Amino acid sequence: MNILVVENPSLSTDELQIHCKEENEKVRDIVNFVSTEYSYFTGKGSSLININPMDIYYIQTTDKKTFLYTIDDMYEISEKLYQLEEKLSKSHFFRISKDTVVNLMHIKSVHPQLNRNLLVVLKSGEKLIMSRRYVSEFRSKLTK
Amino acid sequence: MRKMFEKKSNEKLEALGKVLEQFIFLYGLLMIFALIMSLFNGKTHIATEGMLQLALYISIAALGVIVCLTDIIFSKVSAKLRLIVYGSFIYVSSFAYFKDTAINPLQNMTNFLLYTGNFAVVCAFVIFMWTMHENSVKKNYDEMISAYQSERE
């Protein structure tokens, strides 16, 4: 892929054009990534945290606090889980329970449980529980 | 095409399941009504002993489903632990159930060992069936996940 940056002082705002053979998932990911709203999260004390959403493994709410987990870091952010779910809805994030949203690209395997919930094992080795009420939606998201 | 066929099959299975469910519900309702009438009138409209026995089996099965397969109670206790507790309860309470029969497990050591052996075989079979089911579901999900991820990488 060729990357070209052209400076143009006459522009009032920054502009980005992507020339591609066809608009596929990879292109859409790039579009999502460069969009400021998409890759910036409001941290504790209104500080901005810049994370590539593709690096996020999962987002979880514990004791009314929202935490964002990457492979080796954890960030506390001030945005609510439903706001993040909405913000990341065009990407690979999927709600698996009332307090967790997971990145589908980092799921390693899924195991059924006796109570019809699913045990989601991430590539990092962490285990999360998917509530049974989200299972059918999960299946349809995977097969879409 | 395959997906459409699977969807249609699932819909048909769902509809069939609903019909069966309604039939069992209606049949059960009628049986319970007949049983209550029999107990109140003191007359035997139906074989009450059999019905009571059936009600006992259904209650044990329902208790098992509620304790092991749902989150209605003990939601913080793991499913495996709940299953072990339920299995132990069945094992111990079945001693009382078979007390007056020829296979009374508490009569002698041979009966006890035979009964325990049979119980262990049933448990092993259930565990084997569950493992088969778990592996098949896991394989199915793994295929879907790897297809999803490779399409988007």
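The shown structure was predicted, so the numbers you read here are calculated from the model rather than taken from an experiment.
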Under a 4.5 Å heavy-atom cut-off, does chain B meet the side chain of A:Asn117, its backbone, both or neither?
side chain

At a 4.5 Å cut-off on heavy atoms, which part of A:Lys141 comes close to chain B: side chain, backbone, both, or neither?
both

Is it the case that the side chain of A:Gln83 and the backbone of A:Lys80 share a donor-acceptor pair, with hydrogens and angles ignored and the cut-off at 3.5 Å?
yes

With only heavy atoms counted, which part of B:Asn140 is less than 4.5 Å from chain A, the side chain, the backbone, both or neither?
side chain

A:Tyr58 side chain near A:Leu122 side chain, heavy-atom distance below 4.5 Å:
yes

A:Asn103 (side chain) donor-acceptor with A:Ile56 (main chain) under 3.5 angstrom:
yes

When you group the ILVMFWY residues by side-chain heavy-atom contacts below 4.5 Å and let the links chain together, are A:Leu142 and A:Val121 in the same group?
no

